[in-house]
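Everything numeric here is computed off the predicted structure, so don't read it as measured data.
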Amino acid sequence: MEGLVSFQPFPSSVIQRRLSTVYLHRLTRSSSCAPLRAQQSGITGGSESVSSALEGKASEQEVVIYQDEVVASQGIRIRRRPLTGPPLHYVGPFEFRLQNEGNTPRNILEEIVWHKDKEVAQMKEKRPLYTLKKALETVPPPRDFIGALRSAHQRTGLPGLIAEVKKASPSRGILREDFDPVAIAQAYEKGGAACLSVLTDEKYFKGSFENLQAIREAGVKCPLLCKEFIIEAWQIYYGRSKGADAILLIASVLPDLDIKYMIKICKILGMATLVEVHDEREMDRVLAIEGVELIGINNRNLETFEVDIGITKRLLEGERGELIRQKDILVVGESGLFTPEDIAFVQEAGVKAVLVGESLVKQSDPGQGISALFGRDVSG
């Protein structure tokens, strides 16, 4: 789990100092560290406390141990990559490695993340970061994603809609055979969507960054969320180069320090960050991070794909809900929303925006699907 650390959960200052040493040692050796890339991008904040703890050296094994402890301390169960390498398939005297717990994904989210790790490494070779930064000079400025959601909520009295352009999902398979991303996006905009979410993962969701770019270049005015499994800062720059106005960060995948640095990167680029949580522990982690303005509550467990819209209500009750109101954080309800009753339920719980894909994209006219979802026309 390279470059993924946060020191706050450790009660022992000795462990904190040791971990800081390990982390800095790793930073000097690994070019795939998100925080290091953030610092190279001119982002600071957090490195001072680390640098003050410089003492001694650490082995690769110590790095892995301490980083695993940090990730575990934050309740993150998703492993970034196989611990023992992928299974090998040689015959005879050659090495043969059977599948085991260390090289077999434990759930679909972990499988997606492992594949994304390899995919991003290949993409980075073709498009180094400096080429992306150059490309940003000609990309139109980002649009106000959060502002669009707030405006739609004020205009309609209903949650602002992030309508999702999605062809397939691992749990549902192909959602729409006649999939034209630009036509769907235009229908969503006409039907009253405030923003759009565009799936860019190809293997598991049949999406692409080309779809994102095509929608932006077609003249769609809605701000666009790049719906990607972000594991490295490079992906943020790539999404922005394709026209993204906002980026999804998943708390069950990213430790706190990664989320902090990625939020800073997005602010520099003028982008919004939708930080997604699923349970109380993830919500508490995210609420403790400075700069969070948009939180998505996913009613779908990304490890099992089970859906329960009651999760939204549970996470917005009591002190958490009060803290969200104090910080003026806009909350987005995600997954399992199919009817006006579902929308009313999460709105009463406290959400001011919803992200909906499946129940819309499967409609013959996605724009009319929006009216059915809310129980009335919201396009005016």
Side-chain angles (χ1 to χ4, degrees), residues 4-11 45-46 49 70-78 144-154 157-162 194-195 225 230 246-267 271-302 307-337 342-355:
L4 306 180
V5 298
S6 175
F7 313 123
Q8 296 177 354
F10 286 87
S49 60
V70 171
V71 169
S73 76
Q74 296 177 9
I76 298 173
R77 297 180 296 272
I78 301 302
D144 187 355
F145 191 89
I146 297 176
L149 292 175
R150 291 191 185 279
S151 176
H153 174 63
Q154 293 170 358
L158 294 167
L161 174 64
I162 308 171
C195 300
L225 170 72
I230 301 292
I247 289 288
L248 174 71
L249 303 177
I250 303 176
S252 62
V253 172
L254 297 169
D256 298 352
L257 191 61
D258 276 31
I259 294 175
K260 292 176 185 178
Y261 272 101
M262 289 179 180
I263 287 175
K264 289 182 179 180
I265 291 171
C266 286
K267 286 185 181 299
M271 305 174 72
T273 50
L274 174 61
V275 187
E276 183 177 283
V277 304
H278 174 71
D279 58 29
E280 290 87 348
R281 190 168 190 177
E282 291 175 2
M283 176 66 90
D284 291 340
R285 284 175 49 212
V286 171
L287 286 176
I289 295 174
E290 287 297 322
V292 172
E293 299 177 287
L294 190 64
I295 294 178
I297 299 178
N298 198 337
N299 298 308
R300 175 177 287 113
N301 185 322
L302 293 179
V307 177
D308 174 13
I309 66 172
I311 291 172
T312 295
K313 182 178 180 181
R314 191 171 73 239
L315 296 192
L316 293 177
E317 291 177 333
E319 294 182 0
R320 294 185 181 91
E322 181 59 31
L323 184 57
I324 286 169
R325 287 187 289 272
Q326 290 176 6
K327 292 191 170 189
D328 196 26
I329 294 172
L330 193 149
V331 178
V332 181
E334 306 175 16
S335 300
L337 306 176
D342 295 334
I343 299 297
F345 178 84
V346 294
Q347 182 174 14
E348 184 178 351
V351 309
K352 294 183 179 179
V354 291
L355 190 156

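E317 pairs by the side chain to side chain contact (heavy atoms under 4.5 Å, CB included) definition with K313, not counting sequence neighbours. Qualifying side chain to side chain donor-acceptor pair (under 3.5 Å) partners for E348, counting only residues two or more places apart in sequence or in other chains: none. When the side chain to side chain donor-acceptor pair (under 3.5 Å) test is applied to T273, no partner is found at least two apart in sequence or on another chain.
Considering CG of N298 and CG of D279, their distance stands at 11.0 Å, rounded to 0.5 Å. The distance from atom CD1 of I78 to atom CD1 of I250, rounded to the nearest 0.5 Å, is 9.5 Å. A distance of 6.5 Å separates CG in L337 from CD1 in I309, rounded to the nearest 0.5 Å. Atom CD1 in I324 sits 12.0 Å away from atom CD in E319 (nearest 0.5 Å). Separating the CG atom in D258 from the CD1 atom in I265 is a distance of 9.5 Å, to the nearest 0.5 Å. Here the OG atom belonging to S335 is positioned 9.0 Å from the CD1 atom belonging to I311, to the nearest 0.5 angstrom.
Using modelled atom types, one side-chain atom of Q74 and one backbone atom of D256 make a donor-acceptor pair closer than 3.5 Å. R285 places a side-chain N or O within 3.5 Å of a backbone atom of A251 that can act as its donor or acceptor partner. Between the side chain of H153 and the backbone N or O of G160 there is no donor-acceptor pair closer than 3.5 Å. Panel note: side chain N299, backbone V307; no donor-acceptor pair is recorded below 3.5 Å. Judged purely by atom type and a 3.5 angstrom limit, K327 has no side-chain atom pairing as donor or acceptor with the backbone of V292.
A 4.5 Å side-chain heavy-atom check between C195 and L149 finds at least one atom pair inside the cut-off.
D328 has a carboxylate O that lies under 4.0 Å from a charged side-chain N of R150, or vice versa, which qualifies the two as a salt bridge. Ion pairing between R325 and E322 holds under the 4.0 Å rule for side-chain N and carboxylate O.
Residues G147 and D144 come closest through the heavy atom pair N-OD1, 2.8 Å. Here the closest non-hydrogen pair linking L315 and V277 is CD1-CG2, 4.1 Å. When every heavy atom of R281 is checked against every heavy atom of S73, the shortest pair comes out as NH2-O, 2.5 Å. In terms of heavy atoms, I259 sits closest to I289 at CG2-CD1, 3.8 Å. Minimum heavy-atom separation, I76 to S252: CG2-O, 3.4 Å. What you find for F345 and G310 is that their closest heavy atoms are CE2-CA, 4.0 Å.
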Let's go through E334 and I162 carefully: what are the C-alpha distance in whole Å and the side-chain angles of both, what is the deciding distance for side chain to side chain contact (heavy atoms under 4.5 Å, CB included) to 0.1 Å, and is it a yes or a no?
CA-CA 9 Å; E334 306 175 16; I162 308 171; over 6 Å; no
Does the pair L274 and L355 meet the rule for a side chain to side chain contact (heavy atoms under 4.5 Å, CB included), with working shown?
CA-CA 11 Å; L274 174 61; L355 190 156; 4.2 Å; yes
Residue pair V346, L316: steps toward the side chain to side chain contact (heavy atoms under 4.5 Å, CB included) verdict:
CA-CA 10 Å; V346 294; L316 293 177; over 6 Å; no
Might you work through the side chain to side chain contact (heavy atoms under 4.5 Å, CB included) test for M262 and L254, ending with a clear yes or no?
CA-CA 10 Å; M262 289 179 180; L254 297 169; 3.9 Å; yes
Chi angles and distances behind the salt bridge (Lys or Arg N to Asp or Glu O under 4.0 Å) call for R300, E276
CA-CA 11 Å; R300 175 177 287 113; E276 183 177 283; over 6 Å; no
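Within a 6.0 Å radius of CD in E290, other residues, nucleotides and ligands contribute 12 heavy atoms or fewer.
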